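First comes the structure, then the notes that go with it.
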Amino acid sequence: MRTKVAIIGSGPSGLLLGQLLANAGIDNIILDRVSKDYILGRVRAGVLEEGTVGLLDQAGAGARIHREGLPHDGFSLAFDGRDHRIDLYGLTGKHVMVYGQTELTHDLMDKREATGGISIYEAANVTPHDFDGGIPYVTYEKDGTTRRIDCDFIAGCDGYHGVSRKSVPESALRIFEKVYPFGWLGILAEVQPVSPELIYANHPRGFALCSMRSHTRSRYYIQCPLDDKIEKWPDDRFYDELRRRLPTEHAEAMVTAPSFEKSIAPLRSFVAEPMRFGRLFLAGDAAHIVPPTGAKGLNLAASDVHYLFESLREYYGEKSTAGIDAYSERALKRVWKAVRFSWSMTTLLHRFPDTGDFGQKIQEAELDYLVHSTAASTALAENYVGLPY
Ligand code: RFL
Ligand code: PHB
C-alpha cells in the first residue's frame, strides 16, 4: 500500500490531522493498535478552546458540537470557603466549549467513515522506518501477517506511550519532565452538575474540580495520593471528601448519584524536543503532556495539528519545505506557554506534601490577588481560553 501521510494513532490528533489532509486532497492512512470501541471508551478531556472548535469545523465535523456543546463564559476559583468568578468572556471576549473528548473523537470517526478515509484498527507492532534520510515506510501486523505502507511522511499522533517518539534515537531528543507528587481521582455520574460553571477549588485537604459533560452528567475530581487505589474510594467516601473541599453553599446543594466511571490519573509535565526528525513528525501527547489543571492537553494536540497541516498543505501545494522546516519551532513556542500555564495552575491549586501551612497561605494570598486584580485575572483568562495560533 502507498499513501502520502501515514498517521500513527487514531486519537484526536491523528483523526483531526487525517480529516484536514483528506479535505485538502492529501491522502492518508490512520493506524491504531486498539479498536474503535476501546478508543471511544476512554474518558478524558472536557474543555475545548475556540481554536479547537474552529479546527473541528474546518474538518467538517463541527455540526454536533454547536448543537450539544455547552459554551461557558466563566468559571469559579474557590478558596478560603468562598467562590470567585473569573469572567472569561468579559475579560477576553472569548468563551470555552464544554464537550467531551469522547464525543469529539466520535464526530471525527464518523466524518472519516462518511468520506471514505482508511483507518486500520487493531494493528499490532506498528513500526516507523527510514524516516531520517531514506524513503519512509511503516510496517504493522494484522490477522497474522506483516504489512507495509510506503509514504512521504509519518505523523506520530500515538500519545505518550506510542512507538513514534520511541523510534527516534535517544541522543536526538531532549526531554524535559516534571512529575507531581499526587494524582486525580475522577468520577462520572448521571446527575445534574452542582453549578452551571466549572469550580476549581483550593483547599487545605487538597484540590477539587467540579466539571460536567452535559446538564445531566457531572465529572468530578479530587486530588489523591499517587499510590491510592480506586477500591478504597466507594462513591460515598468520594462525595464526602469532595463536599469537604467546596464552599458550604455548593457542598449543601450537591446532589449525588452512583458513579459509572472511576479512575486515577497521575499528573506530569513532559516535553520532547524537537517535534520533527526528517520525515517523522510528532503531534499531541506523543510530544508533550501537561497536567489536566489548565485543560490544555487536547487543545495543544489541536494546535500542533493546525501547524502540521498548514506545513504539509504548503509542501504539497507550493512544493515548499519552509513550513515543515519551521513546524517544530512554531509548535513548541505555543507548547511551552501551555506547559507553563498548566504548571502554574497546578502549583496554585494543589496541596503539596512538603510545603505545609506556609504553602497554603502563599496560595491563598496569590489567589486573593488573582481574583481582585483585573490585570492578573485577564492573564489567567487569556491563557485559559487559549493563546492565539
Ligand atoms: P491520545 O488520545 O492518547 O491518542 C493516541 C492514540 O494512539 C494510539 N497508539 C498507537 N497506535 C498504534 N501503534 C502504537 N504503538 C500506539 N500507541 C498508541 C492509542 O491507542 C491512541 O488511540 O493522544 P492525542 O491524539 O495526542 O490526544 C491527546 C489528548 O488525548 C490528551 O491531551 C487529553 O485527553 C488531555 N486532557 C485534557 N485536555 C484538554 O484539552 N482539556 C481537558 O479538560 C483535559 N482533561 C485530559 C483531561 C487528560 C486526562 N487523562 C486521563 C490523561 C483529563 C484527564 C483526566
Ligand atoms: C473535565 O471535564 O474532564 C476537565 C475539565 C477541566 C479541566 C480538566 C478536566 O481542567
Side-chain angles (χ1 to χ4, degrees), residues 6-18 30-36 38-49 51-52 70 72 75 96-102 104-105 108-109 119-128 138-141 154-167 183-188 193 197-200 207 209-214 217-221 261 263-268 270 282-305 335 338 341-342 345-346 349 384 386:
I7 300 174
I8 307 179
S10 180
S13 20
L15 287 163
L16 189 57
L17 179 65
I30 297 182
L31 292 155
D32 204 292
R33 69 170 168 205
V34 299
S35 71
K36 225 169 144 170
Y38 185 89
I39 294 170
L40 290 172
R42 293 194 290 231
V43 179
R44 287 182 169 182
V47 176
L48 307 183
E49 298 170 359
T52 305
L70 308 176
H72 278 207
F75 66 83
V96 291
M97 188 74 101
V98 172
Y99 192 69
Q101 177 167 332
T102 313
L104 173 142
T105 307
L108 284 165
M109 283 178 172
S119 296
I120 300 162
Y121 290 101
E122 298 176 273
N125 284 324
V126 176
T127 313
V138 176
T139 54
Y140 65 98
E141 285 159 29
I154 302 170
C157 299
D158 47 352
Y160 180 66
H161 299 288
V163 64
S164 301
R165 192 184 67 251
K166 288 181 192 138
S167 308
W184 278 20
L185 168 63
I187 66 157
L188 262 179
E197 292 184 340
L198 271 64
I199 305 170
Y200 289 82
F207 170 75
L209 170 61
C210 299
S211 181
M212 67 195 72
R213 289 291 175 272
S214 70
R217 185 171 283 190
S218 298
R219 177 75 166 148
Y220 293 143
Y221 297 97
E261 201 270 348
S263 52
I264 294 180
L267 268 66
R268 79 171 70 226
F270 173 93
L282 301 179
D285 280 14
H288 41 73
I289 295 287
V290 288
T293 327
K296 287 287 160 248
L298 173 56
N299 292 300
L300 265 192
S303 61
D304 287 354
V305 165
V335 165
F341 176 66
S342 308
M345 286 279 278
T346 304
L349 291 167
Y384 193 83

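Counting starts at 1 for both ligands and their atoms, in listed order. Small disclaimer: the values here were computed from a predicted structure and weren't measured.
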Centre-to-centre under 6.0 Å for F75 and Y384, is that the case here? yes
Give the atoms of ligand 2, by number and element, whose distance to some non-hydrogen atom of [X] is under 4.0 Å.
| X | result |
| --- | --- |
| V47 | 5 (C), 6 (C) |
| T293 | 10 (O) |
| Y200 | 6 (C), 7 (C), 10 (O) |
| R44 | 3 (O) |

Do [X] side-chain atoms and [Y] backbone N/O form a donor-acceptor pair below 3.5 Å?
| X | Y | result |
| --- | --- | --- |
| S342 | A295 | no |
| R165 | A286 | yes |
| K166 | H161 | yes |
| D32 | G9 | no |
| T127 | N125 | yes |

Ligand 1 contacted by Y221 (non-hydrogen, < 4.0 Å):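 Contact check Y221 vs ligand 1: positive.
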Starting at [atom1] of [X], measure out to [atom2] of [Y] and round the result to the nearest 0.5 Å.
| X | Y | atom1 | atom2 | answer |
| --- | --- | --- | --- | --- |
| R44 | T105 | CZ | OG1 | 9.0 Å |
| L300 | D285 | CG | CG | 9.0 Å |
| L70 | E197 | CG | CD | 11.0 Å |
| S218 | L188 | OG | CG | 9.0 Å |
| E122 | L31 | CD | CG | 12.5 Å |

May I ask you to check whether G284 has an N/O atom sitting below 3.5 Å from an N/O atom of ligand 1? no
Between R219 and ligand 1, does any nitrogen or oxygen pair lie at a separation below 3.5 Å? no
Assess, by modelled atom type and distance only, whether the side chains of Y121 and S10 contain a donor and an acceptor separated by less than 3.5 Å. yes
Check the side chains of R33 and Y140 for a donor-acceptor pair under 3.5 angstrom, ignoring hydrogens and angles. no
Nearest-contact summary for [atom] - protein heavy atom, Å:
| atom | value |
| --- | --- |
| atom 4 (O) of ligand 1 | G11 CA, 3.5 Å |
| atom 3 (O) of ligand 2 | Y221 OH, 2.6 Å |
| atom 27 (O) of ligand 1 | P12 CD, 3.6 Å |
| atom 52 (C) of ligand 1 | R44 NE, 4.5 Å |
| atom 8 (C) of ligand 2 | P292 O, 3.3 Å |
| atom 21 (C) of ligand 1 | R42 NH2, 3.2 Å |
| atom 46 (C) of ligand 1 | A45 N, 4.0 Å |
| atom 40 (O) of ligand 1 | L298 N, 2.7 Å |
| atom 26 (O) of ligand 1 | S13 OG, 2.6 Å |
| atom 31 (C) of ligand 1 | D285 OD2, 3.3 Å |
| atom 2 (O) of ligand 2 | S211 OG, 2.6 Å |

Do you know the tightest heavy-atom contact between [X] and [Y]?
| X | Y | value |
| --- | --- | --- |
| S13 | G284 | OG-CA, 4.1 Å |
| L282 | A287 | CB-CB, 3.9 Å |
| P128 | I8 | CG-CD1, 4.2 Å |
| M212 | P193 | CB-CG, 3.6 Å |
| D304 | H288 | OD2-NE2, 2.6 Å |
| N299 | L48 | OD1-CA, 3.5 Å |

Does any N/O atom on Y384 come nearer than 3.5 Å to any N/O atom on ligand 2? no
When only distance counts, is L209 in polar contact with ligand 2, meaning an N/O pair under 3.5 Å?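 No, no N or O pair falls under 3.5 Å.
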Element-labelled atoms of ligand 1 that are located less than 4.0 Å from some non-hydrogen atom of [X]:
| X | value |
| --- | --- |
| I8 | 12 (C), 13 (N) |
| C157 | 5 (C), 6 (C), 7 (O) |
| V34 | 20 (O) |
| G159 | 3 (O), 5 (C), 23 (O) |
| G162 | 17 (N) |
| Q101 | 2 (O), 29 (C), 30 (O), 33 (C), 34 (O) |
| G297 | 32 (O), 35 (C), 38 (N), 39 (C), 40 (O) |
| K296 | 39 (C), 40 (O) |

Ligand 2 contact on [X] by region, counting heavy-atom pairs under 4.0 Å:
| X | result |
| --- | --- |
| R213 | side chain |
| F75 | neither |
| L198 | side chain |

A student comparing G156, G46, S211 should find that the heavy atom closest to atom 43 (O) of ligand 1 comes from G46
Considering only heavy atoms, which of L40, I120, D158, I289 lies nearest to atom 10 (C) of ligand 1?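 Looking at heavy atoms only, D158 sits closest to atom 10 (C) of ligand 1.
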Side chain, backbone, both or neither: the part of V126 lying under 4.0 Å from ligand 1 by heavy atom: side chain
Against ligand 2, does Y99 come closer than 4.0 Å with any heavy atom? no
Mind checking whether Y200 and F207 have parallel, tilted or perpendicular rings, split at 30° and 60°?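 Plane angle between 30° and 60°, so tilted.
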